[in-house]
Structures are given as structure tokens and as C-alpha cells.
Amino acid sequence: MSKIHVTTKVNGDDVEFLADPRESLLDCLRDKLDLTGAKEGCGTGDCGACSVSLDGTLVCSCLVLGVEAQGKTIETVEGMAQDGDLHPLQRKFIEHAALQCGFCTPGILVAAKNLLERNPDPTETEIRYWLAGNLCRCTGYDKIVRAVQDAAAEMRGAA
Amino acid sequence: MPKDELKTSFKWIGTRPDRPDGLDKVTGRARYGADFSLPNMLHAAVVRSPHAHARIKKIDASKALALDGVKAVVTRADLPTGLSGEDLNLQDNTLAGDVALYDGHAVAAVAATSALLAKDAAKLIEVEYEVLPHVIDVDDAFRADAPVIRPGLADHSVPKGAPGNVTRYIEFGHGDVAAGFAEADLVREETYKTEATHQGYIEPHACVGQMGADGKGEMWVCTQGQWYVRRMCAAVLGTEASQLRVTPSEIGGGFGGKTTIFMEPLALALSRKAGGRPVKLVMSRSEVLRATGPTASASMDVKIGMKKDGRITAGTVSFRMQGGAFPGMSPIGEALPCAFACYDMPNVHHEAYEVLANRPKAAAYRAPGSPMAAFAVESLVDEMSRELGLDPIDVRLTNGAKEGTKSSYGPKFNQIGLVETLEAAKAHPNYAAPLGPNQGRGVASGFWFNHGGETSVSVAIGEDGTVQVSVGTPDIGGSRASIALMTAETFGIDYDDVRVNVVETGALGVNEPTHGSRATHSNGKAMYEAAGQAIRELCKRAAADWGIDAEAVEWADGAAQPAGPNAGKFPPMSLREIAGKMGSTGGPISGHHEITMGGVGASFGTHVVDVEVDPETGRTTILRYLVVQDAGRAIHPAYVEGQYQGGAAQGIGWALNESYIYGKDGRLQNTVFLDYRIPVASDLPMIDTVIVEVPNPGHPYGVRGVGETGITPPLPAIASAVAAATGVRLRELPMSPPKVLAAIKARG
């Protein structure tokens, strides 16, 4: 099957790659752009480990075709830290021990960032429902929810 | 070590610094199994049986091999013959022989120049099957008229006349159970059942393997134990263990499921056949659910005798457990001793049958066997406590095992913390929180032995006075942080001046995996001894510099110091100072220690859960959850809490939702996370924790290990809470909404 040339912007950088029409955006990010931060936990959009932002919309990159990225803007976990400074969510996840194995962490960070961009002061319930598409098997979510709450407070200037 | 020699005040132990791998893991830099690649690498795919039980009549790979870019196909014919015991089990599971034993059993594997091409090629491999009768359910498999799926595998322990799928039998006990039951005011006997669940790590199995015709190879793999991978792959392939170098990646969860191998030898076999090109093999989620893990399913009879005051006079259990189509995989040997471990049992008897069924080869899952046993025994203890009008914590306090108690499985307990967990649970505000309509509270305790095992650790002093620790146990939940804390404490240096590396098989002697809650426990001890060796050398160098006897120097506050006034007056010589000139004072300074770690401290916990059950849908909501567990000593309390919370969440999933669902055709029906539904964030409340610390006398820092016990009490605690909320007792897991609703309706 012939491949399709895709031009897109990832974490602020213009990039291009050749995608088989069957390949997911996740495959293209990981295998063609060496951005292995997004993970494949299921390949069916159930676990959220592959979460990225596509033109500002939170998506499971395993459910998006690589060719659909043409002309779009993508943000992944690799782009969260700015100029060497961690995003508050990244700092708070370390501080609150909100990760154990860390495999779900990139997807959860991307999803939580997307939440706080829409809702800077989410309730515990809102955080839990927003992250319901991001499976974590290690933590029981307690410390993840607290880390998101704390990051949100800091970003609001309330901490 | 005697109790009074255990240190109780620390600079680093018990603090909560950032974990050393935190930055890599929040930036996406941490490299997991599927993140590793090599130049000139091939990609592999596996052909799996669609049948629960089928004879393989023919495998034709000619169409696959005819595709451009397909480089190798392997079948069982490519593996050596003559294996026995667990090695044969592993080989049988890696690739089916004459018979496919479960839905998802690997039959062939193919390597090609791309992952897409490998998948296409796998579809072109034609396998001709003759479908055979299958059996899935543990009770069905135990029936005398069940199809006998693998005749001739029963070992010497199996009693004459046992059903044909039984492969193992265990029996033990003490006292006089008949007399004990006769003495009781209340005797109850019930049967409980649990379905298989999967460990559910979010990272699917993944590896890159490379092996030449000379049998020398390398593997990069997500695993809990690189030496186990090395030994098992070598056994399956008929190569030499030391010729295979295995490097563990970061690991995306394991929970016991990554202590063994599933597809790793295939990558090596394909590489060998493809001229030594490296081969990457990554499982899909459905392959993970169909062909790795899961835990055993169980059918369990329990009988308990109790006095009116709650004193237990006797108990018996008879368990049937299946661990798939492979002998030796069911955790009957662990489930039985765990069953009554929380109780001082004057009269007790245990027996269990292992039964084969057409299911995947079970793997360890967090305290293997203990959650099922606890579901049976703790549920019945709760039922009887309620019947006698007794507080469930009081009943456990009346009978609770303590220091000096002869355990239900034989040995006497040394210092243990069960009673302390019960007292802390009783005093916690959750135990007094008011309950509304359709709400109920459940309590249960749990036990795990904990494990030490083969451990090899090195410490090496850097020229700048920092310390590098090499360990052989992959870090699943923060063990590098806890080992670094203990190292900083031992040397008297800063936490940030320690780096703990998880190393490959070429760098240390054999290490068991990260299993049995052993990583912090065993490495802590081995590091302590290795550090002692390095510290003795550091003191020697200082003594030589000062011109005094080495015995006249002691190590304190991160520096060599003259020991007492007679040693002479010298200012302390810091680690940095000694290290800076070690090249000219005798060479590198390091320490090394190897041990088969004993000194295990038994682990107990008590959970309290409040639920609300919707009487119209049967859905159970967890309102409050409390975990109290004895850590011995919490080295990094945040990650100890994390283990408690994570164990509880997995137990909640097992209790309420998770199970393997098979069709009549013996095929697994819920092979994706949408259908095999583990708890999500909106299913759970905050999970409260209390860390009890009754130091383990067998460890220099009192560590018991905290990884496993937390999954054990949730099953019975939630069943008891549901019973309190609804008035109906569910004795079969999971307590899914339809089952709870049916039970409520049957109650009327």
C-alpha cells in the first residue's frame, strides 16, 4: 500500500512523515517521530495512555489515523515542559507521588492539562469524571486527583 | 536482630522526597518495553488458536513466507524437545505442541520488516484444527464426567479416585476439628466462588530480542525479573543462560504477571532464524487478556465453629482452584495457609485440589491465592459475627494472631501487627461514620507471608563521594526511592547523593524478580551489608591517613571519626574527602553482598469499607474506604500509601466488576478494556490509609514489605458491606449489578 506524505506541527515544531493509511497517529508519533511519550495500553480508546491534544481537542491518538494529522497542531507530553520548566501538573505529580509505574502518566498529564484549560477550578467529581477515560492500575487514583487539585490551585494563584 | 537493637530515629527513612525516576516519567522520557528499538530491527506477530481446545493437524506458512519482507516463521518444530517440569510448561505455553489448550494459545510467530507486514503475514499462516471437547469452569472441570483435557499429569499427591482433571492435592492442619466443632455454639458451612481476574497492568508485554546462530543473545524487555527471563528463555530455546543478556526496561505495571515469560522466546527464536536481526514483539491488549496472566478461579467450602462470645473453636476449608491448562499454576499452596492466618486456630484442617481447565497459564497476581481464601473465610466470619450479634472487629480481636501464636499453617509468628491494625481501624473515624438507607459497612483482615529470596547488590563510591547502588529488581512502585533513602541513611549522606540503578543480567549475580513484596525488604538488607563492607574500607583508608589502627575508627554522620579519646584527635574525614583520593590510597571502594534473604516479616492489614447499593439497579458505590496495614517500617510513606491504595483498588475491581467471561465455545468474550472493566477514577472515592509500624526484627530497618496484602481484604469486606446494605449475602464474585439485583429480588 503506498504511503501518504503528512505535514503537521507537533509541540511547536513542523514535522513530516510518510504514513501507511492504516497507521494510527499514535504509531506515527512513536515510530516515525520517535515521540514515545504517548503509550499504547489498549489500541481501542479505552485506556487513555495515548492521549494527545489535536487542535486543542483531547483525543486518544490510537483512534486517530496518522494521515488525519495533516495540517493540524498536536501537543504531547513531550511538549508540556516549557523552556526547561516543568508544567505545574508535572511538578505536582512528582511531589504527590501520583505515579507508581508511570506508564499511564503521560496520558493523564495531557488529559489533566486539557481539563484545567477548560475548567481552572474543577471539583473532585469533575476531575474523576474527566479522567475516567485514563486507566491507572497502580495508584487507585487518590494521589492523582490530589495532584491535579493542587496543580489547579497553584495555577489559579490560590496555593 | 533483637528488638532493642533496631534504630528508631532516622534522618532519611520515613521522609517523602521526590522519586529519582520522577522527572523521566512525567516528561515521557522513561523508556518502557515498547519504546526500545534497534537498527535493522524486524517486527513480529503471533498466530493464536481461536479454539479452547483443538488438535493442530497442520500448519502451512508458505503463503506468509512468500510475501516480500517476511523473514522468518517459527512453530513448535523449531524448539528443542526433551524438556520436563516447569520448563516444559513454559515451552508448551510459548508455542502449542500437538494441541492448542486455550483460546489465544500461540501456535506460530512471524517476523517481517514492519509491524503491519508481520500482522498481514500472520493472517496468511494457515492452521488446520480438529476441535476437541473443552472445560472452563472450575467446578465443571472437577466433575467426574468432565472431559479430561490432559490425562496423565496428576502428581503423586492426588488421592485415588479424584476426578481426571485434578493434578495436585494438598492437605494439612492441627488439633481435633471434630472436637472443636462439638464445642462450638454455632457451626456454619458455606461455599464461595471467585472468577479469574487479570493483573491488568496498563503496559502490554513487549520486548526486543536478538540471537545469533551461536546462541549468544540479548533481550530488552519489560519484566519484573530479568534473571527469570534469562533462565526461562534459555530453557525453552535450549540455549545457555549466561549467553543471554537481559536488560529490563522501565515497567508499566506487573502485579506478578511479569514474573514469568509468555512470548519472549519467540522474539529470540525468530531472530536466530532471521540471521540474527533483532526482532521486536509487542502484545495487543486482547493478546494480553487472552494469553497472559490471569489469576486462578476458585470454588471454596468453608466450615467454622464459634462460641457465643465469638471465639473460634475450629475451622476447615476445602478448595478447588484452576490455574489454566498447565499443572502447578494454581496457587493452592498459598491459598490454604492464608485462609485462617489471621486467627489463632486451636483446631484447623485444610485441603485443596488443583484442577486443569482450558484457560491460559495462570501467573502470580498480588498475594496469589490469598484474596480468594480471604473472600471465603472472612465472609463466613462476618456472617457468623452478625448472626451472633457481635462486632466484626471485636471477633477478630478475640481470635487474632499475635506474637507467639502458632499460625494456622504451622510455624509460630514472631512480632506481627494484626492486632494493631484492628485497633487502629476501630479507632478510625470511618468506623463511626453514620450510614444512611441502602448503605452498609464491611470489615475484613488479610495476610501475606512476604518473601525474601535471592538478592545480589553492589554499592560503589564515586570519586566525588556520591554513591551508586546496583540492584537487580525492576522498580514498579518507587523501590529506587526507598533503596536510595536506606542507602543515604546507612552512609550518612544526602538522598540526592545516591543513585540506584536497576541493572542487566551481566552486572550482578542472580536476583529473583520484584515479587513477594521483596524489593525494598531484600535490597535494603543486601545494600546494608554491602554498604557496611564499603564503610569498613573507608574507615581503613582514614586510619591509614591518620596512622592509627582501623579498629580505632568508626563511621558516623557520613564521615570517618576517631572512635573514642584513645584513638587520637583528628577532625572527621568525610566520604567525599576519602573518595577524592581513593585512587592513590588503595583503589576503588565498593561493597557487594549476596544473600538468599530470610528474615521475612509477615504482613497483616484490616480494611473498612462503606457502600451504597442502588436497590433499583444493583449497582454498588464505594462511599468510604480505609486501609490499615502494618508496614514494619515505612521507608517512603507516600509510596507505602500508594501500595495500600492500589491494592485496595484492584480488590475493589475484583469484588465488583472484573471477571473472565467465556462463551459456550470456550472463547474469552471480554478481551478489551471496555469489556474487562477495571476501576476508573469516577468509580472510586479517596482511599484513606493508616500505616501501622511494628518493626520486622529480621530487617536492619524493620521493613516488612507492603506490596501485596492490600488486595486481600477488599473482596470479603465489600461482600460484607453489600450484605449489610441489602440484607443479602453474595458468595460468588464479582458482585456485578445484575447479580446483586437478582439477589435483592430473590430476597423479596
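In the text below, chain A, chain B and the rest are named by the order of the sequence lines, each starting its count at 1.
Using non-hydrogen atoms only and a strict 4.5 Å limit, the part of residues 97-104 of chain A facing chain B consists of A:Ala97, A:Leu99, A:Gln100, A:Cys101, A:Gly102, A:Phe103. Contacts with chain A (heavy atom to heavy atom, under 4.5 Å) involve no residue of residues 705-714 of chain B. Contacts between residues 52-73 of chain A and chain B, defined by a heavy-atom separation under 4.5 Å, are made by no residue at all.
Residues A:Asp142 and B:Asp688 have side chains not in contact (no heavy-atom distance under 4.5 Å, counting atoms from C-beta outward). Two residues are said to be in side-chain contact when any heavy atoms from C-beta on lie closer than 4.5 Å; B:Val26 and A:Thr105 meet this criterion. Inter-residue side-chain proximity for B:Tyr201 and A:Cys138 is flagged as unmet; no heavy-atom pair is nearer than 4.5 Å. Counting heavy atoms from C-beta outward, B:Glu641 and A:Lys143 have side chains that approach closer than 4.5 Å. With contacts defined as side-chain heavy-atom distances shorter than 4.5 Å, the pair A:Leu135/B:Phe673 qualifies. B:Met686 is listed as a side-chain neighbour of A:Arg146, based on a closest heavy-atom distance under 4.5 Å. Contact of the A:Gln90 side chain with the B:Leu23 side chain is not registered, since no non-hydrogen atoms from C-beta on lie closer than 4.5 Å. Side-chain contact check for A:Glu23 versus B:Leu116: some heavy-atom pair is nearer than 4.5 Å.
Note that OG of B:Ser682 and CD1 of A:Ile127 are 12.5 Å apart. Values are rounded to the nearest 0.5 Å. For the atom pair OG1 (A:Thr36) and OH (B:Tyr32), the distance works out to 10.5 Å, reported to the nearest 0.5 Å.
Between chain A and the residues B:Ile678, B:Asp18, B:Val672, the most heavy-atom pairs under 4.5 angstrom are made by B:Ile678. Contact tally against chain B (heavy-atom pairs below 4.5 Å) for A:Thr125, A:Thr139, A:Ile144: the top residue is A:Thr139. By number of non-hydrogen pairs under 4.5 angstrom with chain B, the leading residue of A:Ala38, A:Gly133, A:Gly41 is A:Gly41. Ranked by heavy-atom pairs shorter than 4.5 Å toward chain B, the options A:Glu95, A:Glu78, A:Glu124 are led by A:Glu124. By number of non-hydrogen pairs under 4.5 angstrom with chain A, the leading residue of B:Gly477, B:Pro474, B:Ala649 is B:Gly477.
Remark: B:Asp35 engages A:Arg30 in a salt bridge, criterion side-chain N to carboxylate O under 4.0 Å. A salt bridge links A:Arg22 with B:Asp120: the closest approach of a Lys/Arg side-chain nitrogen to an acidic carboxylate oxygen falls below 4.0 angstrom.
When heavy atoms are compared at a cutoff of 4.5 Å, A:Ala81 does not approach chain B at all. Looking at B:Pro685, only its backbone comes within 4.5 Å of chain A, counting heavy atoms on both sides. Contacts between A:Glu40 and chain B at a heavy-atom distance below 4.5 Å involve the backbone alone (N, CA, C, O). If you measure heavy-atom distances from B:Tyr644 to chain A, you find no contacts under 4.5 Å at all. For chain A, no part of B:Ala648 is nearby; none of its heavy atoms comes within less than 4.5 Å. Contacts between A:Leu89 and chain B at a heavy-atom distance below 4.5 Å are absent for every atom of the residue. Proximity to chain A is limited to the backbone of B:Gln199, based on heavy atoms less than 4.5 angstrom apart.
Applying the ring-ring contact (aromatic ring centres under 6.0 Å, His included) test to every pair with at least one member in residues 111-153 of chain A, sequence neighbours left out, gives no pairs at all.
Here the side chain of B:Arg285 pairs no donor or acceptor atom with the backbone of A:Gly43 at under 3.5 angstrom. No donor-acceptor pair closer than 3.5 Å links the side chain of B:Arg19 to the backbone N or O of A:Ile94. Formation of a donor-acceptor pair under 3.5 Å by the A:Arg128 side chain with backbone atoms of B:Asp683 is not found in this model.
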